[in-house]
Amino acid sequence: MYRLIKPLFFQFDPEKVHHFVVKQLNWFNDYFPMGKTILRSSFDVNIKGLEREVFGIKFRNPVGLAAGFDKNGEYIEALSNLGFGFIEVGTVTPLPQPGNEAPRMFRLQDDSAIINRMGFNNKGVDTLAERLRRLKTKDKSIIIGGNIGKNKNTPNEDAVSDYIKCFDRLFDVVDYFVVNVSSPNTPGLRELQEKAPLMNLLNTLQQRNLGRNVQRPILLKIAPDLTNEQLDDIVEIVLETGIAGVIATNTTIDKSGLNSPAELTAEAGGLSGKPLTRRSTEVIRYISTKSNKAFPIIGVGGIHSPQDAKDKLEAGASLVQLYTGFIYEGPGIVKRICKELV
């Protein structure tokens with residue numbers, strides 16, 4: 001079915017189509033007679049052998065939806081009925097912001113890839129927190145991650161305060177946190193991946209975390225463009241700060257070796273999809289080996305098939321996430337991956 005309608009969807013602006021499709025999915029889930037039942041029977045996965053516990057959380061299966069797909073937490077229930085074991089929302093910032101000027105998302109069909117320069121467009125942490133509070137009141141079974149960032153106009157020297165605001169506001173309504181300092185679409189953000197500012201940021205959040213009656217796992221999302229020496233620093237920082245783990249990887253700024261037309265590959269932004277498959281797996285393997293598997297890794301980047309997911313798990317990931325592969329391969333990919341993992 002998806003193979004038939006994808007060519008039609010791909011004729012239109014990718015951001016507009018994204019909003020149209022998820023709104024229709026939400027309507028079907030909430031208002032169509034037996035909508036939830038149809039989605040679950042078609043896509044959901046309930047296999048005991050897929051359950052696993054990672055950083056103290058029990059996941060019904062290891063396949064999640066990466067941040068960026070549902071920035072404002074508007075479609076969590078419907079998306080969870082497509083078989084995902086967990087949903088990550090955001091990236092969210094303290095204040096609402098429109099993001100970068102459109103067009104800001106581009107399909108590279110010859111490469112099964114996407115370039116985006118969204119720029120942390122979101123409705124702000126207060127809106128997200130209230131929406132998640134209502135959802136958790138209805139259904140506590142959905143595992144939700146909160147991906148947090150800083151506002152574009154917040155200087156790096158004040159960035160910690162933005163992350164604290166998001167952390168405090170979402171603490172009671174998410175199951176884990178992701179600190180995003182690796183998006184290439186917010187000016188200067190990646191400078192926070194340097195050792196000193198990153199250590200300060202993570203230490204601050206972890207101390208705030210440890211001061212509460214219960215703790216939430218904090219993960220760091222890293223770029224695929226880091227050198228081995230920088231990855232060594234990441235391993236050291238994770239171990240020293242005691243955060244729960246790493247998400248590897250975000251989008252890449254490396255656009256070499258692409259097959260798509262030059263006018264597309266020249267677009268500014270982060271590249272995701274199949275061109276990232278190999279590099280993200282390499283980063284997972286390097287970090288897992290260097291740390292002697294001392295902490296969990298969520299693998300993301302270029303997962304378009306069950307074998308891609310298995311490669312990341314075999315490289316050292318405990319869980320995986322989809323984004324671009326979900327768009328290119330359709331909702332059935334979650335079930336296909338889960339069946340192969342069994």
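Just so you know, residue 1 is the first one in the sequence shown, and it goes up from there. The model shown is predicted, which means the values in this text are computed figures rather than measured ones. Only heavy atoms go into these numbers, but all of them, side chains included; no hydrogens, no water, no symmetry mates.
By the 4.0 Å N-to-carboxylate-O rule, D110 lies too far from K274 to be salt-bridged with it. Note on K195 versus D232: no salt bridge recorded, every NZ/NE/NH1/NH2 to OD/OE distance being 4.0 Å or above. Checked for salt-bridge contact, R134 and E130 meet the test: a charged N lies under 4.0 Å from a carboxylate O. The residues R60 and D44 are annotated as salt-bridged, a charged nitrogen and a carboxylate oxygen being separated by less than 4.0 angstrom. No salt bridge links K23 with E74; every basic N to acidic carboxylate O contact stays at or beyond 4.0 Å. Looking at E282 and R278, a side-chain N of the basic residue comes within less than 4.0 Å of a carboxylate O on the acidic one, giving a salt bridge. A salt bridge links D126 to R169: one of the charged nitrogens lies within less than 4.0 Å of a carboxylate oxygen. With respect to E15 and R104, a salt bridge is recorded, a charged nitrogen being found less than 4.0 Å from a carboxylate O.
One hydrophobic cluster, built from ILVMFWY side chains closer than 4.5 Å, cannot hold both F177 and F55; they sit in different ones. Hydrophobic clustering (ILVMFWY, side-chain heavy atoms < 4.5 Å, transitive): L205 and L192 are in one cluster.
Between Q321 and the options L65, I247, V63, I303, a side chain to side chain contact (heavy atoms under 4.5 Å, CB included) holds for only I247.
In the model, T93 has no side-chain atom that pairs as donor or acceptor with a side-chain atom of K150 under 3.5 Å. Between the side chains of S256 and D254, a donor-acceptor pair is found at a separation under 3.5 Å. A side-chain N or O of T324 and one of S272 form a donor-acceptor pair less than 3.5 Å apart. No donor-acceptor contact under 3.5 angstrom links the side chains of N203 and Q207, judged on distance only. For D308 and S305, the side-chain atoms include at least one donor-acceptor pair closer than 3.5 Å. Judged purely by distance below 3.5 Å, without hydrogens or angles, the side chains of N147 and T91 pair a donor atom with an acceptor atom.
A cation-pi arrangement, defined by a distance under 6.0 Å to the six-membered ring centre and an angle within 45 degrees of its axis, is absent between R208 and F167. No cation-pi contact links K16 to F12, judged by a cut-off of 6.0 Å to the six-membered ring centre and 45° from its axis.
Between the side chain of R190 and the backbone N or O of S182 there is at least one donor-acceptor pair closer than 3.5 Å.
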Can you list the steps and then say if I218 with V179 is a side-chain contact (heavy atoms from CB on, under 4.5 Å)?
-> CA-CA 7 Å; I218 298 174; V179 178; 3.9 Å; yes

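Y328 and H304 have tilted rings, their planes meeting at an angle from 30° to 60° on a 0 to 90° scale.
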Extract all donor-acceptor atom pairs below 3.5 Å that involve side chains of residues 28-37 and protein atoms in other chains or at least two apart in sequence.
{"residue": "N29", "atom": "OD1", "partner": "N81", "partner atom": "ND2", "Å": "2.6"}
{"residue": "K36", "atom": "NZ", "partner": "N29", "partner atom": "O", "Å": "3.4"}

